[in-house]
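All of these numbers come straight from a predicted model, not from anything done at the bench. Heavy atoms only: backbone and side chains are in, while hydrogens, waters and symmetry mates are out. Protein chains get the first letters and strands the later ones, always in sequence-line order, with residue 1 at the start of each.
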Number of protein chains: 2
Amino acid sequence: MILFFSTFKLSYICVMGILRKTKSVKILLDEFEKQSTAISAITLIERFHLNMNKTTIYRILDKLEDDGFLHSFLGKNGHKWYAKCIGCTNVEHHDIHPHFQCLDCGKVDCLPTDVLIPNIPNRKVDVSQILIQGKCEECFS
Amino acid sequence: MILFFSTFKLSYICVMGILRKTKSVKILLDEFEKQSTAISAITLIERFHLNMNKTTIYRILDKLEDDGFLHSFLGKNGHKWYAKCIGCTNVEHHDIHPHFQCLDCGKVDCLPTDVLIPNIPNRKVDVSQILIQGKCEECFS
DNA sequence: TATTTAATGCAACTTTGTTGCATTAGTTAA
DNA sequence: TTAACTAATGCAACAAAGTTGCATTAAATA
Ligand SMILES: [Zn+2]
Ligand SMILES: [Zn+2]
Ligand SMILES: [Zn+2]
Ligand SMILES: [Zn+2]
């Protein structure tokens with residue numbers, strides 16, 4: 001988890017993640033604070049290409065995921081999406097859940113619902129990524 | 001569905017799919033006949049780059065999917081995979097199911113098991129793509 | 001304020017997949 | 001068998017998402 005707002009010396013605490021509270025990090029954190037739905041890396045690049053380089057965006061997202069502040073998954077085209085974690089740490093992500101992508105507006109949300117994966121004979125199930133597609137609240141009327 | 005082995009005039013029956021029984025089509029069909037697991041487009045390109053161009057491979061896979069002979073899905077990196085259909089037609093694919101990717105050997109299989117997607121309030125569920133990851137029979141010992 | 005080094009920008013690259021167009025080769029019918 | 005038709009192919013160029021190396025910049029610390 002990000003420790004920005006504490007007064008501790010970050011470098012002693014975080015190992016792989018974000019160590020410095022830069023302008024770029026602040027902009028991205030603010031964006032995820034402002035918007036409750038998931039955001040694709042591509043969208044962030046479009047949105048902030050005047051503020052920062054796409055390399056910077058990819059690198060910050062990567063570190064925020066390491067920190068347990070964001071989690072990532074693939075949308076319907078295999079493109080990367082990010083959303084805020086709830087209660088994850090830099091040791092482990094434990095907020096694994098299905099995602100819902102609207103086929104009309106493209107919006108993606110985290111689903112609090114759990115999907116039961118049945119046991120599969122002779123196989124050890126580790127993780128499962130579930131992307132449900134359909135029409136979201138606004139587009140379904 | 002592919003009508004290769006019938007004596008009908010294909011052009012009257014197929015509309016969007018494959019019309020001619022070319023060498024490239026035969027090679028790819030044979031490969032899916034030979035191998036029961038799913039095959040990624042990338043693997044096919046590696047395997048047959050001496051026999052045919054990658055453009056040709058992508059185009060044939062696309063048409064075989066239209067024909068209801070293959071179905072496609074995305075693996076863990078968002079790369080495209082194909083596997084044989086069971087009982088699909090050029091009108092509709094009705095063999096939608098989860099897929100299992102081994103994190104050790106990378107192999108992907110179709111799972112006959114059905115996963116129950118719960119109803120989600122205020123949303124119309126259309127399709128769901130489920131990729132389960134873990135260890136396959138051979139790697140799990 | 002000077003020092004340290006994490007973070008950044010940039011260009012070049014990689015990988016997967018697509019497009020346009022000239023050429024090749026299945027299929028059909030004479 | 002042969003000629004005509006056109007689906008299928010190869011090739012080169014392109015597109016989009018994401019990565020890498022390296023010189024430069026700017027947070028954090030003392
Ligand atoms: Zn998480
Ligand atoms: Zn989520
Ligand atoms: Zn199918
Ligand atoms: Zn399948």
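- Straight-line distance from the CD1 atom of B/Ile18 to the P atom of D/dA7: 14 Å, rounded to whole Å.
- One interatomic measurement links the two molecules: NZ of A/Lys21 to P of D/dT25, which rounds to 24 Å at whole-angstrom precision.
- Across all strands shown, B/Lys54 has heavy atoms under 4.0 Å from base atoms, whether or not it also approaches the sugar-phosphate.
- Across the protein-nucleic acid pair, A/Lys26 atom NZ and D/dA28 atom C1' stand 12 Å apart, rounded to whole Å.
- Here C/dT16 presents its P atom at 8 Å from CD of B/Glu46, a figure rounded to the nearest Å.
- Taking only side-chain nitrogens and oxygens, B/Tyr58 comes nearer than 4.0 Å to OP1 or OP2 of C/dG17.
- Within the structure, a side-chain polar atom (N or O) of A/Lys63 is placed less than 4.0 Å from OP1 or OP2 of C/dA7.
- A/Asn51 comes within contact range of the sugar-phosphate backbone alone, with a heavy-atom separation under 4.0 Å but no base atom that close.
- Using a 4.0 Å heavy-atom distance criterion, A/Ile60 is classed as a sugar-phosphate-only contact.
- Contact annotation: A/Thr22 does not reach the phosphate of C/dA7 (side-chain N/O to OP1 or OP2, under 4.0 Å).
- Separating the CG atom of A/Leu61 from the P atom of D/dT19 is a distance of 10 Å, rounded to the nearest angstrom.
- At whole-Å resolution of the value, CZ in B/Arg20 and P in C/dT24 are 15 Å apart.
- For the pair B/Asp95 (side chain) and B/Cys88 (backbone), a donor-acceptor distance under 3.5 Å is absent.
- The minimum heavy-atom distance linking A/Ile39 with A/Gln35 is given by the pair CG1-NE2, 3.6 Å.
- For the pair B/His79 and B/Arg59, nearest-nucleotide mapping onto DNA chain C gives the more 5' position to B/His79.
- In this structure, B/Leu19 places its CG atom 18 Å from P of D/dC5, rounding to the nearest Å.
- Considering every non-hydrogen atom in both B/Gly78 and A/Leu74, the closest pair reads N-CD1, 3.5 Å.
- No engagement by B/Ile45 is indicated, since no non-hydrogen atom pair under 4.0 Å with the nucleic acid exists.
- In this structure, A/Asp126 and B/Gly134 approach most closely via the heavy-atom pair CB-CA, 3.6 Å.
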